[in-house]
Amino acid sequence: MVVSAPRNWDEDAVREALTQALLPGLTAGKLGAQWEKRAGSEKRAGAAGGYLALDGAVPLYAAVNGKQLLLANDFHPA
């Protein structure tokens with residue numbers, strides 16, 4: 001899913017908001033609720049570059065590219 005905004009997204013604020021929204025349903029001790037910063041693929045170096053991945057059993061990925069916020073629950077690198 002892509003969410004467009006009138007101004008650039010703040011990656012730290014996005015990560016914090018997603019964490020706060022997901023925590024009650026994910027874990028009691030914040031296990032699996034940490035974000036890992038991962039590098040983007042070589043083929044897409046000109047695009048967003050890196051992305052965030054939730055480190056637990058729930059697959060969730062987020063990437064900020066200026067005014068676009070990309071969210072996915074499935075990831076297949078090219």
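Keep in mind the model is a prediction, meaning the values are calculated, not measured.
Contact detail for R7 and K67: the closest heavy-atom pair is C-CG, 3.7 Å. For the pair A62 and L18, the tightest heavy-atom approach, listed with the atom from each and the gap, is CB-CD1, 4.2 Å. Smallest separation of non-hydrogen atoms from A63 and G50: CB-O, 4.0 Å. The two atoms that bring V3 and W9 nearest to each other are O-NE1, 3.3 Å, heavy atoms only.
In this structure, L22 and V58 have side chains that are not in contact, with every pair of non-hydrogen atoms separated by 4.5 Å or more. Put simply, the side chain of Y51 does not reach to within 4.5 Å of the side chain of L70, judged on heavy atoms. Two residues are said to be in side-chain contact when any heavy atoms from C-beta on lie closer than 4.5 Å; L52 and E36 fail this criterion.
With sequence neighbours left out, the salt bridge (charged side-chain N to carboxylate O under 4.0 Å, His left out) criterion links D74 to no other residue. Applying the side chain to side chain donor-acceptor pair (under 3.5 Å) test to W35 and every residue at least two apart in sequence or in another chain returns T19.
Without hydrogens or angle criteria, D55 side chain to Q34 main chain gives a donor-acceptor distance under 3.5 Å.
In this structure, L54 CG and N73 CG are separated by 11.5 Å, a value rounded to the nearest 0.5 Å.
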